[in-house]
Amino acid sequence: MSKIIKVYNQFRWTDLGRPTREELETLTKAHSIDLHLLEDILEYGHLPKIEKVKDYTFIILRAYAPNAKENITAVGALTNKIAFFINETDIVTVHRADFEFLKNLTDDYATSEALMMDLINEILLTYEKPIEQQADKMDEFERAIFLKGGQYISIESLYYQKSKARISKKVLQLSQTVLNQITVKPELSSLLQDTKETILSYLLQYDEVIEDANTILHSYMSVTAQRSNDAVKLLTIFSAFFLPLTFIAGIYGMNFDYMPELRWEYGYFITLGVMVLISVIILSWFKRKKII
């Protein structure tokens, strides 16, 4: 376990990284925190929440994992959890993953609420770059469909991009619910409002990514269906040409003794001429109907 304690003028910040259950139990006793909250802290993939517990406000938020892989469909694999216990004199943060922003915070915080708001803002900022990357990915998919005929698009990749956007949106919606229940001192109300606007902006961007993913999927299916229709159309045209010709060849391929055409001097050339005439008629009909 890594443990960092910083003492400010009016409060103390204790940061615990990768604590064991025994260490968390010691923490709860030292700060008079309910032991049942350990279940929420230790639970893998726990979603954002806020709860008032005695003298503390208990908050769970999730930051976007910097090393998230491409093929992810689970909340716990896409985001990392951080838990807060906060009151006017103490703020305790508990997490298993390493958060770079925890190492780069300033030492100038007048209250524990100011530190909490800064941490929440840093957690939300972890979603900024992934949103931009997913928006760029949607643009790539669109170009692949409309400029390259959809031949180089990966449906599997599109599925995972949509899943990541859907999971991120769900986490941000729950985080928005948490923010709406947080109350701060008047001097921090503007910062809280800015944070709410930030999360709303991210939600709108994820809505756009999900909508783009659905549109791209429908467009891909339409392009694929069009290619299939073109192939069937081509085969139908070939069949229309060769079916009557095959019929004629089949008739004169029969082994009967009494077929007068077999003894015609120019029967072969007449048959070829009839085949050419039929082909010309079929071609003219297709052109008149604008099929080809």
Side-chain angles (χ1 to χ4, degrees), residues 1 3-19 21 23-64 75 79-97 99 101-102 105-127 170-200 202-203:
M1 178 188 73
K3 183 176 182 180
I4 300 175
I5 299 178
K6 290 186 178 181
V7 180
Y8 296 85
N9 291 332
Q10 299 183 20
F11 69 97
R12 180 179 62 176
W13 175 30
T14 303
D15 179 64
L16 301 179
R18 297 190 182 90
R21 186 179 185 88
E23 290 167 337
L24 284 175
E25 289 175 351
T26 302
L27 171 70
T28 58
K29 292 177 181 178
H31 293 270
S32 300
I33 299 172
D34 287 353
L35 190 60
H36 78 274
L37 295 178
L38 281 176
E39 297 177 359
D40 293 341
I41 296 175
L42 295 174
E43 182 181 342
Y44 178 79
H46 198 290
L47 295 174
K49 63 173 289 187
I50 182 171
E51 187 175 344
K52 303 291 184 178
V53 185
K54 295 183 179 179
D55 298 331
Y56 283 88
T57 299
F58 175 57
I59 299 173
I60 290 179
L61 293 175
R62 304 195 69 91
Y64 202 98
V75 172
T79 59
N80 294 322
K81 178 176 58 178
I82 181 168
F84 297 79
F85 294 96
I86 180 172
N87 61 16
E88 291 187 358
T89 59
D90 275 294
I91 179 170
V92 180
T93 52
V94 184
H95 53 91
R96 294 196 177 279
F99 295 98
F101 59 81
L102 291 176
L105 295 174
T106 66
D107 293 328
D108 186 20
Y109 295 104
T111 63
S112 59
E113 287 184 349
L115 173 57
M116 177 192 69
M117 290 305 306
D118 200 4
L119 288 172
I120 293 175
N121 185 62
E122 292 293 335
I123 290 172
L124 294 180
L125 287 177
T126 61
Y127 291 86
K170 178 181 180 181
V171 171
L172 287 176
Q173 284 177 327
L174 293 173
S175 300
Q176 185 182 46
T177 302
V178 171
L179 283 177
N180 290 335
Q181 298 181 57
I182 291 178
T183 56
V184 295
K185 292 181 173 62
E187 58 268 22
L188 295 174
S189 58
S190 177
L191 179 58
L192 177 60
Q193 184 59 36
D194 289 343
T195 306
K196 291 180 179 179
E197 292 174 359
T198 298
I199 201 169
L200 179 60
Y202 290 165
L203 285 171

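Computed from a predicted structure; not experimentally measured.
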**Study point:** Results of ring pair (Phe, Tyr, Trp, His ring centres under 6.0 Å) for Phe85 - residues two or more places apart only
**Key:** Phe58
Study note, to complete from the structure: Of all heavy-atom pairs linking His95 and Lys81, the shortest is CB-O, 3.6 Å
Point to revise | pair Thr126-Phe101: side-chain heavy atoms closer than 4.5 Å | key: yes
Practice item. Quick one: list whatever passes side chain to side chain donor-acceptor pair (under 3.5 Å) with Arg96, sequence neighbours left out. Key: none
Practice item. Kindly indicate whether the side chain of Asp90, heavy atoms from C-beta on, has any atom under 4.5 Å from the side chain of Asp55. Key: no
**Study point:** Over all atoms of both residues, closest heavy-atom pair of Ala83 and Ile41
**Key:** CB-CG1, 4.2 Å
**Study point:** By side chain to side chain donor-acceptor pair (under 3.5 Å) - contacts of Thr177 (at least two apart)
**Key:** none
**Study point:** Derivation of the side chain to side chain contact (heavy atoms under 4.5 Å, CB included) call for Leu102 and Asp15
**Key:** CA-CA 9 Å; Leu102 291 176; Asp15 179 64; 3.8 Å; yes
Less than 3.5 Å apart, which donor and acceptor atoms pair up between the side chains of residues 108-121 and the rest of the protein, not counting sequence neighbours?
from	atom 1	to	atom 2	distance (Å)
Tyr109	OH	Asp118	OD2	2.3
Thr111	OG1	Ala114	N	3.2
Ser112	OG	Asn87	O	2.6
Glu113	OE1	Lys185	N	3.0

Check your understanding: At their closest point, which heavy atom of Val94 faces which heavy atom of Pro19, and how far apart are they?
Key -> CG1-CG, 3.6 Å
Exercise for review: Using salt bridge (charged side-chain N to carboxylate O under 4.0 Å, His left out) as the criterion, list what pairs up with Lys6, not counting sequence neighbours.
Suggested key: Asp107
Exercise for review: Over all heavy atoms of both residues, which pair between Leu179 and Lys196 is shortest? Give the atoms and the distance, please.
Suggested key: O-CE, 3.5 Å
Revision key, fill the gap. Closest non-hydrogen contact found for Val171 with Pro48 is O-CG, 3.8 Å
Check your understanding: Got Val184 and Leu191 here, is their nearest side-chain heavy-atom distance under 4.5 Å?
Key -> no
Point to revise | Heavy-atom side-chain proximity of Ile82 to Arg62 below 4.5 angstrom | key: no
Check your understanding: Partners of Asn80 by side chain to side chain donor-acceptor pair (under 3.5 Å), sequence neighbours excluded?
Key -> none
Point to revise | Salt bridge Glu23-Arg21, side-chain N to carboxylate O under 4.0 Å | key: no
**Study point:** Glu88 atom CD, over 12 foreign heavy atoms within 6.0 Å
**Key:** no
Review point. For the residue pair Tyr127 and Tyr202, does the interplanar ring angle fall in the parallel (under 30°), tilted (30 to 60°) or perpendicular (over 60°) class?
Key: tilted
Point to revise | Pairwise side-chain contact, Phe84 with Thr57, heavy-atom cut-off 4.5 Å (strictly under) | key: no
Review point. Where does the angle between the aromatic ring planes of Phe11 and Tyr8 fall among parallel (under 30°), tilted (30 to 60°) and perpendicular (over 60°)?
Key: parallel
Revision key, fill the gap. dist Leu174:CG -> Leu47:CG (nearest 0.5 Å) comes out at 5.5 Å
Check your understanding: Just wondering, are more than 12 heavy atoms of other shown residues or ligands nearer than 6.0 Å to CG in Asp194?
Key -> yes
